[in-house]
Amino acid sequence: MGRQTRKPSLDTHLVAGNGLLDRRHLLAVGLAGASAALPLLAKAGELNIEPWMTTPGAPFEGYGRPSRFEAKVVRTFVSAPNTGGTGSARTPLHRLNGAITPNGLHYERSHNGVPDIDPDAHRLLIHGLVERPLVFSPETLSRYPMESQIAFVECGGNSGALYQKEPADLDAQGLHGLLSCAEWTGVRLSILLDEAGIDPKAKWILAEGADASGMSRSAPLAKAMEDSLIALYQNGERLRPSNGYPMRLLLPGYEGNMQVKWLRRIKLTEEPTMTRDETSKYTLLTPDGKALQFVFPVEAKSVITRPSPGLDLKETGFYEISGLAWSGYGKVSKVEVSADGGQSWGEAVLQEPVLPMALTRFRMAWQWSGGPAILQSRVTDETGYRQPTRDALITRRGSRAIYHFNAIASWGVSGDGKVSHVYA
Ligand SMILES: Nc1nc2c(c(=O)[nH]1)N[C@H]1C(S)=C(S)[C@@H](COP(=O)(O)O)O[C@H]1N2
Ligand SMILES: [Mo]
């Protein structure tokens, strides 16, 4: 059109220190301003004819698998000696995008392996302070009205390495990978409890799993009535055995240990049952020596998944900083990103839909100049709670804490583009 396009100067789009750019750089139209910084692989008209364009492709298969070129995208795990299935397998957060975790990559924490449950033999008993005890099979449960909820599951021990004095030399998977998010579909627990008839004396439930760990936890009856689900499906298909097949309890926003897998019994009680896993474990030891029991929701937290260790920066220029934010108290309302170790912050774009108790993907545009950087994210949830600094959390929790680490985490970027876990 004869009119000269003026190249906007990137400097006018800075929103915070060390190269953080305005959100318009995440939109196609805005990228034009930064495109000089993006490497072009080929000029138009120079595409090759590849071998797979000239022969018929592979046949169908009953259950699909990822591309063989994605073989690195797997869970990593450590198991206790003498047993292959006791311990945890971590989600490769740094190799995924969006907010949903594929079922084969959902993290797994199991205290005594994965039971091989025949659904026709499995039963769920609802008893205790009810008018009529009820027994369900997966089949009879499937005849109730169902609903879906997208919810995260995070182990109470996730990110626990960040309580240590020195930064552990691990990647996002190793540090934060006890975290996943799925669309869970099943029957609302309130429907079943109403059918059983709740004795007014009942204030708590006990939930027990059918695995050999004897996992059982107490939860407030109010939570069971509010938004809890007996989940039968995970991202559209039946639960994976490792995630609770044929049914698990979903208490959205509560620490992972409460999401009892292989659920076989719910008992209504007046008081919490004081099971092993809520007395000897899953309590928060405070600096004065007192332990907090029944700390259920996980507090707001966020992590940058890219760039992160293993995904080093190859050249200077434009990058999208992206990560996950969540809160056990509701929706994420804001995520801020810093590239200078927390001296200045710019607001990230939140990917819709932003749902309560679900992972929320955030994105921030960044122009890496080639200098050192410390990347951080901090989330504020809809209650106004803002993710604390590591120093603030450790002052509050003391040095002996192991669970519920939710403070700001830092990735250091060195001049040669290497990304590593650091404390800022
Ligand atoms: N029955 C039973 N339920 C269980 C566990 C278990 O070992 N047995 N592990 C708990 C813990 S500690 C966590 S963090 C979550 C993990 O859920 P996932 O394996 O589906 O990710 O399940 C919880 N539910
Ligand atoms: Mo856990």
Side-chain angles (χ1 to χ4, degrees), residues 75-80 83-93 96 100-117 122-125 149 151-161 173 176-184 186 205-219 228-235 237-266 273 275-278 280-284 295-298 301 326 328 357 359 402-406:
R75 297 182 288 205
T76 49
F77 42 89
V78 282
S79 12
T83 136
T86 300
S88 47
R90 292 164 179 267
T91 296
L93 297 175
L96 300 177
I100 297 290
T101 313
N103 290 342
L105 297 173
H106 196 286
Y107 89 92
E108 181 194 349
R109 171 77 180 99
S110 295
H111 290 70
N112 203 354
V114 178
D116 182 27
I117 297 180
H122 184 81
R123 296 289 179 270
L124 169 66
L125 168 66
Q149 280 190 52
F152 69 81
V153 180
E154 184 188 21
C155 179
N158 194 30
S159 319
Q173 179 171 21
H176 308 293
L178 298 177
L179 168 74
S180 299
C181 184
E183 184 205 54
W184 305 97
I205 65 165
L206 170 76
E208 180 186 77
D211 55 328
S213 78
M215 176 62 62
S216 51
R217 290 293 309 258
S218 307
S228 300
L229 211 62
I230 308 292
L232 299 165
Y233 293 83
Q234 172 182 2
N235 292 330
E237 63 182 357
R238 297 299 298 266
L239 300 183
R240 291 291 168 97
S242 53
N243 303 113
Y245 183 87
M247 60 180 74
R248 86 178 301 169
L249 181 59
L250 182 75
L251 303 172
Y254 277 20
E255 66 175 9
N257 190 256
M258 303 293 292
Q259 322 291 338
V260 175
K261 301 191 280 189
W262 313 298
L263 184 70
R264 74 184 285 267
R265 190 162 73 97
I266 289 191
T273 303
T275 68
R276 178 195 63 207
D277 284 282
E278 57 203 21
S280 73
K281 293 166 77 189
Y282 299 104
T283 61
L284 300 194
V295 183
F296 296 132
V298 302
K301 180 166 164 183
W326 65 102
M357 283 70 146
L359 295 186
I402 40 176
Y403 298 116
H404 285 243
F405 183 97
N406 74 311

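Atoms within each ligand, like the ligands themselves, are counted from 1 in listed order.
For Thr86, the side chain to side chain contact (heavy atoms under 4.5 Å, CB included) partners two or more places apart in sequence, or in a different chain, are Ala80, Thr83, Asn112. Contacts of Arg75 classified as salt bridge (charged side-chain N to carboxylate O under 4.0 Å, His left out), with partners at least two apart in sequence or in another chain: none. Every side chain to side chain contact (heavy atoms under 4.5 Å, CB included) that Lys301 has, sequence neighbours left out, goes to Glu154, Asn158, Ser159, Trp326, Gln387, Asn406.
Side-chain polar atoms of Asn257 and Arg217 form a donor-acceptor pair below 3.5 angstrom.
Below 30°, between 30° and 60°, or above 60°: for Trp184 and His106 the angle between ring planes is above 60°, a perpendicular geometry.
The residues lining ligand 1, counting any heavy atom closer than 4.0 Å, are His106, Tyr107, Glu108, Arg109, Ser110, His111, Cys155, Gly209, Asp211, Ser213, Met215, Ser242, Asn243, Arg248, Gly256, Asn257, Gln259, Val260, Lys261, Trp262, Tyr282.
For the pairing with Asn243, the side-chain hydrogen bond (donor to acceptor under 3.5 Å, both in side chains) check across Gln234, Glu108, Gln259 returns one residue only, Gln234.
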